[in-house]
Each structure stands twice: as structure tokens, then as C-alpha cells.
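These notes concern the structure reproduced below.
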Amino acid sequence: MQNSIRVRFAPSPTGKLHLGSARTALFNWLFARGQDGTLILRIEDTDPERSKRSLEDSILDDLRWLGLDWDEGPDTCGAHGPYRQRERAETYRVHSQRLLGEGKAYPCYCTLEELEEKKRQAMAAGRTPIYDGTCRRLSEEERRGRELQGLKPAIRFRVPDHEIFFEDLLHGSMRFSPDVIGDFIIVRSDGSAGFNFSVVVDDATMGISHVIRGEDHLTNTARHVLLFEALGYAVPLYLHHSLLLGPDGSKMSKRHGATAVPDYREMGYLPQTLINYLALLSWSPPAEKEVLDKDELLRLFDIGDLSPSPAVFDKAKLDWLNSKHLHMAPLSELVRAAGRFAPEWSDNPHFPLMVESVLDNLVTLSDLPRYLAPFGPAEVPTEQVAHWVRSESGRAVVEKAIDILENRDLGGLEDAKQIIAEIKRDFMEKGLKAREVLMPVRVALTGKDKGPPLPYLLVVLGLEESISRLREL
Ligand code: GLU
């Protein structure tokens, strides 16, 4: 049974899903799923120039890839839709008319140029560039005069003259002076709703109980609280989590490297790694066990334990986590994900075995082609490795390997392990070191001195090919 906890993730489809936004989505998801609440996906596409449907699609696709699902959103039917802001113009209109009618908002005829000039002057004089209230003070007659001139007004919110207060679940009591806010635009002169206004009208009409978002929205929240109060709606609870920073302490951006979830997907990170990593950035799991799958995260995560300190991106830690998750994931799942990173191998019936054989080497799935290369055509050994098959003992090992293989079945990995163990035993009894036994076989099979464990090589190459490669030397 879902309760009255309703949270939302509200991406703007103006770019691919940023790691920082994915972190916000994750916190909302963990909170909603942990509390039997409802998660709403709202598309904030009010910027007509920069919002694109293709970007919306890619954000939804990446959220699904991360395993973050939602209960209401643009692709579901829900009682509080539509879930794209551009389809909600009528709701914004009704609410702005209400504020106008009650004198809590007023038409503003200032032109962009005038506003820019005032801003410039304020900044030159060292003042906070907030709206100077020119149109707040217009008489009815002055307004009519401007209407007659054909000026199209924006609608500005009349910021009340009292301190703004709200309780943040992470930062505690927050107070803002109205002097730093200034009357702000809620409807632009083209009739479209402004960012702050649409967010509040949506949060109110979608019944949002908790707003969980980044700290960069703290000042917006001061405006939002005023709007909730003016519209007569209950103010939701707020939690502003810390921002994701690059290693140099500035907001994580392209100059720190890849910032978008699909970039990491392309690079071969697993979704469970990203989820795990993003959660750890501001949260320490109890018992200090850091490698957690989604179910464990859900069980252990408590939004109240989030740290307010900035989260600094650490690629080395992400890599470490990915190698751990590569070992934890079921092989069938890995094989499905691995196909696109090694298309030249994915149709091979032994592909699962090949993936398994190189797991210890991988940091990401995009490392696969490099480590799977020894399964390909044998290379002519370089001078550095050729000595392994030229030495007397090396040649004896290879001869023996041919002899055993010619008289054996090679049904699977177990057979191959036994064959290798047998060769090893034989020569180690005669005083050779393990390396002196295994290297000649490896070099004879692949031309290299590094690669997947020998039993895997034997199975994937098959009996015939293995014997023929050994014979060639
Ligand atoms: N659309 C905003 C963003 O992408 C989020 C606004 C909000 O969470 O209130 O930053």
C-alpha cells in the first residue's frame, strides 16, 4: 500500500542525464521505495529553445538502465498528469490569475533592456541586483496607459516584507531576508510560466510531500515557500543534498571528464556500480561494507544519514567498485551487457566462458576486446617470449601437451583443467617450476606470455585448433 509520501524527480531535458541529477534521482528513489511512497517523474521542459524530446527519451532510458523506476510520469497514466510542464499551461494560468486577482502578483511592463540597465547600475553601485519595484507601485491609470501602448506585461510576484523561513531536513533552520529575493517573475511576457512558479504549482497540485534536490536550489526554495503560502497550499518538507564536485572542488563539469550517465554506460560501467557509487558519495553505510547491490542499498540507506558535506567525484573509487561489481553480477547478466563491447566475440558459443576467464582483469566492460584478444589468431611470438618455446624443456612441455591432447576428450572446462594439471604435475615432478610448464603452452597457443587461464584457452580454441597451434612450433 502506498502512503501519502510523494516525491519527484524533475529533470530538464536540456542535456543528457548528468551524474549529479542521477544522484538526485537515486535519493528520491531510495526514499520513495524505502518508505512505500510514490515517485513521480516530471519533465521540466519550459525552456522551448533548449528542451528536446530526444533528450527526454534519453534521460528516461538512462534512468531505466540504472534500475530507477517511477510510479507516475510522462509514460504512465497517473491521476496528477500531465507530467510534462509544457502540457500544463492551463494549470499555471489559473494559478497566476488567482495571485493577480488577490493582489499577490502584479503586471510588470519593464522591458528587458530596462531591466538589464537597472541590473548593471545596481551591480556598479555594489547592490544586489533585485527588481526595484517600478511596476509594483503603478496606479490603475498608469497600468491602463501601458496596456493602451500595447505593452505585453510579465507577471511578478509581490514578495511579502517578512523574513522567509523553512526547515531543511539536512541543513536545519533556513532563513532568508526578502531583500535578497526581490519581486520575481512568475509568468513571462509571452504568457509562459517561469521556472519557480511552475515548480511550485506542480509540486502543490501533484501532492508532493518531500522535495529532495540539490543545494543549488536553496535560494529558489525561499521563493517557493512564499509561493506555496500565497497560493494557500501546504509547504512540503525540503531536503537539499550536497552537490557533486570535481576533484578541484568546483561543480562537476565537462572539464573534469565525463559527466553524463550515458558516457559511463558507453565506457562499460555497470548500472549497479553507478548506483552504489552515487549513494556512497554522501553516505557511509553501517558496518562499513561499501560494495552494495540495489537491494542492500535499499535496506540500509536512510536519507537522514546523508552528509551535508560536498561530494567529490573520485574516478579511482568508481573503477574499484566496478571491478567488484563485475565479480558480483550473475554471469548471464554480464554476458548480456558485454556483447556490445566485444561484438566480434559475442556470437561465439563460448562467449560466457571467455567473459568469465578475464573477469579478474577488467575494470570496465570496454576492456574486454583487449583481454579477449588471445582467443583470436595466434601471433608470432616476439623475441622476448619466444625463448619459452625454444628451450629444450619448453619444447618437451609442448610435445607432451600435444600427446595428452591427442588422446583426450575436451568436453569442457573441467576436462581442460585436468589436462593442464596433468602436464604441470608431470614436469614439476621433474623439477620445473609451474611457470616453466605453463608459459611454453601459453606462448605456443597464443604467441603471448599473458592471457586468460590455459584451461579456458583450450576450451575456446577447441581440441583441433589447440593441437594445430602447438604443432606449428
Ligand atoms: N528541473 C530542475 C533541474 O533540472 C529541478 C528543479 C527541482 O527539483 O525543483 O535542476
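All ligand and atom numbering here is 1-based and tracks the order in the structure. Computed from heavy atoms alone, side chains included, the values below leave out hydrogens, waters and symmetry copies.
Asp202 has a carboxylate O that lies under 4.0 Å from a charged side-chain N of Arg42, or vice versa, which qualifies the two as a salt bridge. Salt bridge status for Lys119 with Asp132: absent, with no side-chain N to carboxylate O gap under 4.0 Å.
For His224, the heavy-atom gap to ligand 1 stays at 4.0 angstrom or more. Under a 4.0 Å heavy-atom criterion, Phe9 is not in contact with ligand 1.
When only interatomic distances are considered, the shortest N/O to N/O separation between Arg213 and ligand 1 falls below 3.5 Å. At least one N or O atom of Ala10, backbone or side chain, sits closer than 3.5 Å to an N or O atom of ligand 1.
His240 is not listed as a side-chain neighbour of Met174, based on a closest heavy-atom distance of 4.5 Å or more.
Checked by atom type and distance alone, the side chain of Asp61 never pairs as donor or acceptor with a backbone atom of Asp57 at under 3.5 Å.
For atom 10 (O) of ligand 1, the closest non-hydrogen atom of the protein is His217 NE2, 3.3 Å. If you check which protein heavy atom lies closest to atom 8 (O) of ligand 1, you get Arg8 NH1, 2.9 Å. Among all non-hydrogen protein atoms, the one lying nearest atom 1 (N) of ligand 1 is Glu44 OE1, 2.6 Å. Looking at atom 4 (O) of ligand 1, its nearest protein heavy atom turns out to be Ser12 OG, 3.4 Å.
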**Request:** Step by step, work out the side chain to side chain contact (heavy atoms under 4.5 Å, CB included) result for Glu141 and Ser139.
**Result:** CA-CA 5 Å; Glu141 214 181 320; Ser139 65; 3.8 Å; yes
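Between the side chains of Glu147 and Tyr109, a donor-acceptor pair is found at a separation under 3.5 Å.
Those atoms of ligand 1 that come under 4.0 Å of a heavy atom in Val199, given as number and element, are 9 (O).
Ring pair His224/Phe195 is tilted by interplanar angle, where 30° to 60° counts as tilted.
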